[in-house]
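Reviewing the structure listed below.
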Amino acid sequence: MKILYFAWLRTKAGCAEEDVTPPAEVTTVAALMDWLAEQRPGFAEAMTAKGVIRAAVNQAYAEPTDPVRPGDEVAFFPPVTGG
Amino acid sequence: MIRVQAEPFDLGAELAGLTAGRTDIGGLASFVGLVREFAREPGGEPAVSAMTLEHYPGMTERQLAAIEAQAIERFQLQASLIIHRYGRMLPGEPIVLVAAAAAHRAPALDACAFLIDWLKTKAPFWKQEETAAGRRWVDAKPEDDTAAARWLPPAR
């Protein structure tokens, strides 16, 4: 599974992109966030602002309950501020 | 048409290109967003010396294309254009252009407002400001959500 981080979340995570193999029981966006937070303390701090963080699965916005599967591209980022 | 690019754009050339050879268009509306220096008053926020726009290559283009497709259908547009820049920009430089062409002024003007309101809350871009005090990521504004919400269908 490919994980991407953007904006200040990238700084907190310490990388822009990583390949991960979460355990089989990680099947939703929310479970993936919890698992990633366990992997790196800096990220856990950012994840406490969970209501703030947005997610996308395969380049489409996703809800916490949406499924994630091996091979997916999953991105985490703060609310957008373009325009 | 949508474009995501680092380079600046020429508003006149872009608008001329949008209507070139067309005789069916009655109204063309456009909005350009610029890098603003912000407050200069004493004790206010430090002036912005530069702005860097980050985006999500792939998803950004998909989102912009989806937003444009909605505008075309909703306002019966005859032509439309979204250009959004990424990378580092200085105050006064253009960041974004939305343009909408229709048979009459109302759909062209409304589509323009819809495009920029939806883009601001749905397209994956993030702004980082540079000031004398350092760099900071810009926070999303609740009023942008309010502006986007006015285009949602009324609650029943």
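All values derive from a computational prediction rather than experimental measurement. Letters go in sequence order (proteins before strands), and every chain restarts at 1.
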Do the side chains of A/Phe76 and A/Phe6 join up, straight or via other hydrophobic residues, at under 4.5 Å, putting them in one cluster? yes
With a 4.5 angstrom heavy-atom cut-off, which part of B/Asp144 approaches chain A: side chain, backbone, both or neither? neither
Where B/Ala140 and A/Val80 come nearest, the two heavy atoms and their spacing: CB-O, 4.0 Å
Around B/Arg74, counting heavy atoms of other residues, nucleotides and ligands shown, do more than 12 lie under 6.0 Å from its CZ? yes
In one Ile/Leu/Val/Met/Phe/Trp/Tyr side-chain cluster, 4.5 Å: B/Ile95, B/Leu97: no
In terms of the angle between their ring planes, are A/Phe77 and B/Tyr56 parallel, tilted or perpendicular, with boundaries placed at 30° and 60°? perpendicular
Between B/Gln128, B/Lys141, B/Arg136, B/His84, the one whose heavy-atom pairs under 4.5 Å with chain A are most numerous: B/His84
What residues of residues 65-75 of chain A sit under 4.5 Å from chain B when you count only heavy atoms? A/Glu73, A/Ala75
For atom CD of A/Glu63, is the number of surrounding heavy atoms from other residues, nucleotides or ligands below 6.0 Å larger than 12? no
For the CZ atom of B/Arg62 and the CG atom of A/Asn58, what is their distance to the nearest 0.5 Å? 7.5 Å
Interatomic distance, B/Gln63 atom CD to A/Gln59 atom CD [nearest 0.5 angstrom]: 10.0 Å
Is it the case that atom CD in B/Glu73 sees more than 12 heavy atoms from other parts of the structure closer than 6.0 Å? no
What is the distance from atom CG of A/Leu4 to atom CE of B/Met59, rounded to the nearest 0.5 Å? 11.0 Å
B/Met89, B/Leu11: one ILVMFWY side-chain cluster at the under-4.5 Å cut-off? no
Please check if the side chain of A/Trp8 supplies one atom and the backbone of B/Trp137 the other of a donor-acceptor pair under 3.5 Å. no
What I'd like to find out is whether the side chain of A/Pro78 reaches to under 4.5 Å of the side chain of B/Trp126, using heavy atoms alone. yes
Is B/Leu28 reachable from B/Met1 through a run of I, L, V, M, F, W or Y residues, each pair having side-chain heavy atoms under 4.5 Å apart? yes
Point-to-point distance, once rounded to the nearest 0.5 Å, from CG of B/Leu53 to OG1 of A/Thr81: 7.5 Å
B/Leu18-B/Phe114 co-clustered via ILVMFWY side chain contacts under 4.5 Å: no
Neighbourhood of chain B inside residues 12-23 of chain A, taking heavy atoms under 4.5 Å as contact: none
Has B/Lys127 got a side-chain atom pairing as donor or acceptor with A/Gly83's backbone, closer than 3.5 angstrom? yes
